[in-house]
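Accompanying notes for the structure given below.
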Amino acid sequence: MSQIVRRLGVAPRLRGSTTGATCPDLFELADGNFAVIGTDATDSLDSQLPADAARADYERIVVITRETLIKAKADIPDA
């Protein structure tokens with residue numbers, strides 16, 4: 001498994017998560033992939049995937065807040 005290189009966006013604490021209860025986060029990995037911490041919504045969203053989308057048994061549908069992604073936008077590479 002690859003190592004975390006950097007966080008994309010700002011730490012959850014800087015987005016107002018003072019309790020640690022909701023801490024969605026995005027990380028860039030050394031192999032160029034990304035890791036996401038979010039709420040597992042597989043059970044509720046799996047049946048809503050479009051016909052041309054698929055999920056392997058080992059994959060999960062994860063939800064992050066809009067604010068988390070917007071704060072990370074500047075750190076996401078274009079290519």
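Since the model is a prediction, treat every value here as computed from it, not as a measurement. Residue numbers run from 1 in the order of the sequence given.
- When the side-chain contact (heavy atoms from CB on, under 4.5 Å) test is applied to A56, the partners found at least two apart in sequence or on another chain are Y58, E59.
- The side-chain contact (heavy atoms from CB on, under 4.5 Å) check on A53 picks up L49, P50, with sequence neighbours excluded.
- L26 CG to T68 OG1: the interatomic distance, rounded to the nearest 0.5 Å, is 7.0 Å.
- The side-chain hydrogen bond (donor to acceptor under 3.5 Å, both in side chains) test applied to S44 returns no partner, not counting sequence neighbours.
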Show which side-chain atoms of residues 28-41 pair as donor or acceptor with protein atoms under 3.5 Å away, not counting sequence neighbours.
| unit_1 | atom_1 | unit_2 | atom_2 | d |
| --- | --- | --- | --- | --- |
| E28 | OE1 | R6 | NE | 2.7 |
| E28 | OE1 | R6 | NH2 | 2.9 |
| D31 | OD1 | N33 | N | 2.9 |
| D31 | OD1 | N33 | ND2 | 3.4 |
| D31 | OD2 | N33 | ND2 | 3.2 |
| D40 | OD1 | T42 | N | 3.0 |
| D40 | OD1 | T42 | OG1 | 2.7 |
| D40 | OD2 | R60 | NE | 3.0 |
| D40 | OD2 | R60 | NH2 | 3.1 |

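- Of the listed residues (L69, I64, V62), just one forms a side-chain contact (heavy atoms from CB on, under 4.5 Å) with P24, and that residue is I64.
- Applying the side chain to side chain donor-acceptor pair (under 3.5 Å) definition to pairs two or more places apart or across chains, none involves residues 70-79.
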